[in-house]
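Everything on this sheet refers to the single structure shown next.
This one's a predicted model, so the numbers in the text were calculated from it and none came from an experiment. All ligand and atom numbering here is 1-based and tracks the order in the structure.
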Amino acid sequence: MAAPIKPETIVPGISASQGIAYGQIFVFIQSDVEVPNYQVDADKRVGEIGRFEKALLATRQQITKIKNEVEKNLGAEEAMIFDAHLLVLEDQALIGETIREFEKTGRNIETCFNQISSRYIQAFAEIDDEYLRERAGDIRDVAQRVLQNLLGQAENSLSRLADKRIVVATDISPSDSASIDRGQALALVTDSGSRTSHAVIVARSMKVPAVVGVRDLTTRVKNGDWAIVDGYDGIVILNPSEATLFRYGKIQEQKKSFESRLLQANDQPAVTLDGVKVSLLANIERVDELAMVKDYKAQGIGLYRTEYLFLNSARIPSEQEQFIAYSTVVKALAPLPVIIRTLDLGGDKPMVGHPNLFPKEDNPFMGFRAIRFCLVHTDIFKDQLRAILLASAYGKVQLMYPMISGAEELAKANAVLAECKAELKARGQAFDEELEVGAMIEIPSAAVTVDLLAQQCAFFSIGTNDLIQYLLAIDRVNDRIAHLYEPTHPAVIRTLKQIVAEAHRHKVPVSVCGEMAGDPIFAPLLLGLGIDGLSMSPAWLPSVKYLVRAMTMVDAKALAAKALTMASPKEIYAMCDAFYRERVKLE
Ligand code: PEP
Ligand code: MG
């Protein structure tokens, strides 16, 4: 009797790396190292610490080897993950506490190290910040390696994939994903994880599709099961039917041809069919994103979110440390402009481990955030302003304040900047005397006082992420009301129109750096409303540029004019979507 045909099942997850793969599944089971627990005789204690040091050294050598391989195969950017791992090995608190625990209890070093590292992993895992939570994974990964080395066990590796397979795992640590044989993984799927997890970063750079957050998939499949991984829609289709396979074959062809069209546009100028040049810039959070900014030919950086330098640091970075980061970006882009935004800490981005600086608030998005924080902690603010000014000597820097609510606040920030300039002059250090200062327009009170702000700044950048949340009173991270967060709400479109009108009346250029700018469905609407530039995640640049090259500004203006007469956010969205589809022709 023939084996029963298994029914097709669609399992939803989160799209993490684009592309479509079809093949058989390999279930990768990671098991934690089993740690023996025993008392070490007093005369063997010196040797026990020596054993620990040897294991740390071996771990360092292994990680360095993987790092070098990744750097060779994937590039320096991906290899930086392993710098974070090497730092874990140097963490004096972790190592020192392990040795102190051993001296106190006399239990074997594996037990002490396991106990202390688990405590660290748990502390990080409980932090209410996605990025830092994921650092728990870094420590876990390194700790498992150290334990394997202490116990003389072989490396847990994915390098033994015999055939091309879809790798399904509860999670994939950076060293696991780095050891995957490049040609053998068709796709990566994980039960846990988010778009920013390391496995995803590696999957993207390997250019294989990835879907994460698929809950308990590892328990529902077994080796050899057939599946489609749809990295565009973030779904896994188990046991796909013939009809589904046929449909996906067609989708795959379409997407491939569209992607090759996108890449062709990448090298062309961002000019509309009727000859209007459009400025397309990149948003970055970290220095390691520079490679992508260059690959996707951004005309500069429209938003450098400097708070990420602080979020991942145990202490406030010094003026010198900040200068190094900012000047690296500025030099890499010169002569293209870099808009460095001053600290936007607080809100959903508090600095963990500093409860005195960021006490818990009931309403953090309306709380002690960004420029409000900086104008109170002027010592921290001034260190940053001086670092930005010093970096301005190395290229074209523009400085931008976040969360400006009115002209007085802007004047206060500018006064602190003037003090910093005077201090640098007194020190005899160079900076760009012509440095332009701009304000983000992301609070409704700023949007309605653009004329007043225009007298004190050289450019505006609209932060639609925040502007929409404050205008519509929709918390941008609350998923219960996410459906009400509508960029095409008439209030948003009218406000954008007014900002542009007032800014231009005062001859001040205005761009958009919120997520709306990087969505090819909204970009024509923004340009039609008169926005001068769009700044977005580097990965979106090719799609937006492709659309710019396929449309006329006359049509974009007509689209915006029509949108301004409409009442329904859904209908405005449908109109923008149709505008996009007509021009992109996805067949
Ligand atoms: C915005 O609010 O649109 C913006 C670009 O800033 P952030 O997302 O960093 O708050
Ligand atoms: Mg903002």
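Residue Asp344 is tested with Arg369, Arg305, Arg372 for a salt bridge (Lys or Arg N to Asp or Glu O under 4.0 Å); the sole match is Arg369.
The nearest heavy-atom contact from the protein to atom 7 (P) of ligand 1 is Arg305 NH2, 3.5 Å.
Residue Ala265 comes nearest to Lys545 through the heavy atom pair O-CD, 3.2 Å, listed as atom of the first residue, atom of the second, then distance. Nearest heavy-atom pair, Ala334 versus Gly395, reported as atom, atom and distance to 0.1 Å: CB-CA, 4.1 Å. Scanning all heavy atoms of the two residues, the minimum distance from Cys457 to Gly438 falls at CB-CA, 4.0 Å.
The closest approach between a heavy atom of Arg341 and any atom of ligand 1 is below 4.0 Å. In this structure, Glu515 does not count as a contact residue of ligand 1, since none of its heavy atoms falls inside 4.0 Å of the ligand. Contact annotation: Arg369 has at least one heavy atom less than 4.0 Å from an atom of ligand 1.
Checked by atom type and distance alone, the side chain of Glu321 pairs as donor or acceptor with a backbone atom of Ser318 at under 3.5 Å. Side chain of Thr464 to backbone of Leu467: no donor-acceptor contact under 3.5 angstrom is found. A donor-acceptor contact shorter than 3.5 Å is absent between the side chain of Gln384 and the backbone of Gln322.
Interface atoms of ligand 1 facing Glu442, defined by a heavy-atom separation under 4.0 Å, are 1 (C), 2 (O), 6 (O). Residue Cys513 approaches ligand 1 through these ligand atoms, each under 4.0 Å from one of its heavy atoms: 5 (C).
In this structure Glu419 satisfies the salt bridge (charged side-chain N to carboxylate O under 4.0 Å, His left out) test together with Lys382, sequence neighbours excluded.
For ligand 1, the polar-atom distance check against Glu307 finds no nitrogen or oxygen pair separated by under 3.5 Å.
Under 4.0 Å from ligand 1, the heavy atoms of Leu303 that appear belong solely to its side chain. The proximity of Asn283 to ligand 1, defined as any non-hydrogen pair under 4.0 Å, does not occur for either the backbone or the side chain.
Annotation: protein N, O or S atoms under 2.8 Å of the Mg ion (ligand 2) (waters excluded) comprise Glu442 OE1, Asp466 OD2.
Contact annotation: the side chain of Asn465 never approaches that of Ile468 to less than 4.5 Å [non-hydrogen atoms, C-beta and beyond]. Leu375 is listed as a side-chain neighbour of Val416, based on a closest heavy-atom distance under 4.5 Å.
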